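The structure under discussion appears below in the form of structure tokens.
We use all heavy atoms of the structure for the numbers below, so side chains are in, but hydrogens, waters and symmetry mates are not. Throughout, a chain's letter reflects where its sequence line sits, starting with A, and its residues are numbered from 1. Keep in mind the model is a prediction, meaning the values are calculated, not measured.
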There are 2 protein chains.
Amino acid sequence: MKTYTISEVAKELNLTVYTLRYYDKEGLMPFVERTPNGNRLFKESDISALKVIECLKATGMPIKEIKTFIDWCSEGDSTLEQRYNMFLERKANVEAQMAELKKTMEVIQHKCSYYKTAMDAGTEDIHKNEKLAKV
Amino acid sequence: MKTYTISEVAKELNLTVYTLRYYDKEGLMPFVERTPNGNRLFKESDISALKVIECLKATGMPIKEIKTFIDWCSEGDSTLEQRYNMFLERKANVEAQMAELKKTMEVIQHKCSYYKTAMDAGTEDIHKNEKLAKV
DNA sequence: TTAATCCTTCGAGTTAACTCTAGGTCAAGC
DNA sequence: GCTTGACCTAGAGTTAACTCGAAGGATTAA
């Protein structure tokens, strides 16, 4: 079975070795085995697990909460419901983020056309009559 | 013209007075005037400006960069192009974030059904044959 | 054998964005 | 006139998530 060193994994996941060691220190990688002299030995399944961790991070989940999830995974089938509920919560959270980002996008697009018009006119005064922010 | 105190503005924008003072300290609010004894006096237009600042924050822009933008605003029409370009960049950035979030959502949804199936079966072993992450 | 290049741990340092404390001013109400 | 409460500043403290340095061990290549 193919294995990987920490720097190979770092490269693959676009992280630094420092970050991976930090995750390990925080208890996010209890499954990673070691060589006789102590070097971390990553399996394919470890990389998959790290990808899930990266996904949870992308939802804005703090590392301590990700650790709770990893602990549940280690505990086995008795925590299936907690894990399921956690992903449902993450789903709701990401949906909220998407909605927020959509609103943000609308303002940004509005600003783009505001500045396009102002730039073409050479002055922001073109918008004087609108009750808009001065920034 | 109606004006507002710092705590009224904080309430309106869902921020703390500490945060608003911090923004001021960082140069994000050079337009806010003061009463003779030094209290900040916010106008409607200041609140609009703060909403734009919150929008930029929501795009993930760091406060130092927002300050650059605020400085450009103070400089007037000569910086219209920079400001326009900045908003174009922000737009691209938000689009990237949306794409990223969509990918994240797909993984999360997959995990939701994974755990639903496992929970209903009472064991994660139901997924044994798939080459999936063990977390 | 020696140098380079991995890897290790431990613990300190960094950065951003707050968050709060201490000590002080000022206006309103009793 | 005094207390209460909102405001002020300067600067210290907090937190998360890295990020790095020092000191040292193992493997490989000339």
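Annotation: of the two residues near DNA chain D, A:Thr16 and B:Gly38, the 5′-most nearest-nucleotide partner is B:Gly38. Remark on DNA chain D: of its neighbouring residues A:Tyr23 and A:Asn37, the 5'-side contact belongs to A:Tyr23, judged by nearest-heavy-atom nucleotide.
Here B:Lys2 does not pair with B:Glu8 in a salt bridge; the nearest charged N to carboxylate O distance is not below 4.0 Å. Salt-bridge annotation for B:Lys51 and B:Glu54: absent, with no side-chain N of the basic residue lying under 4.0 Å from a carboxylate O of the acidic one. A salt bridge links B:Lys91 to B:Glu95: one of the charged nitrogens lies within less than 4.0 Å of a carboxylate oxygen.
Closest contact between the side chain of B:Tyr18 and the listed nucleotides D:dA17, C:dT21, D:dA16 involves C:dT21. Here the side chain of B:Tyr22 is nearest to one of D:dA17, C:dT19, C:dT8, namely C:dT19.
If you take CD1 of A:Ile6 and P of D:dC18, they are 14 Å apart, rounded to a whole angstrom. Rounded to whole angstrom, the span from the CG atom of B:Leu20 across to the C1' atom of C:dT19 amounts to 13 Å. Rounded to whole Å, atom C1' of C:dA17 lies 15 Å from atom CE of B:Met29. The nearest whole Å value for the distance from the CG atom in B:Asn39 to the P atom in C:dG24 is 18 Å. If you measure from atom CZ of B:Arg40 to atom C1' of C:dT25, you get 14 Å, rounded to the nearest angstrom. The distance between atom NZ of A:Lys64 and atom P of D:dT15, rounded to the nearest whole Å, is 8 Å. Nucleotide C:dC7 holds its P atom 14 Å from the CG atom of A:Asp24, rounded to whole Å. Distance, B:Lys11 NZ to D:dA6 P: 11 Å, rounded to whole Å.
Using a 4.0 Å heavy-atom distance criterion, A:Lys25 is classed as a base contact. The residue B:Arg21 sits close to a base: some heavy atom pair falls under 4.0 Å.
Hydrophobic clustering of Ile, Leu, Val, Met, Phe, Trp and Tyr side chains at less than 4.5 Å, counting indirect connections, unites B:Val52 with B:Leu88.
The only member of A:Tyr84, A:Phe87, A:Trp72 that meets ring-ring contact (aromatic ring centres under 6.0 Å, His included) when paired with B:Tyr115 is A:Phe87.
Contact between the side-chain N/O atoms of A:Arg34 and the OP1/OP2 oxygens of C:dT9 is found at a separation under 4.0 Å. The side chain of A:Ser7 contributes an N or O atom lying less than 4.0 Å from OP1 or OP2 of C:dC7. Checking the phosphate oxygens (OP1, OP2) of C:dC7, a side-chain nitrogen or oxygen of A:Thr5 falls inside 4.0 Å. Residue A:Lys57 places at least one side-chain N or O under 4.0 Å from the OP1 or OP2 atom of D:dC18.
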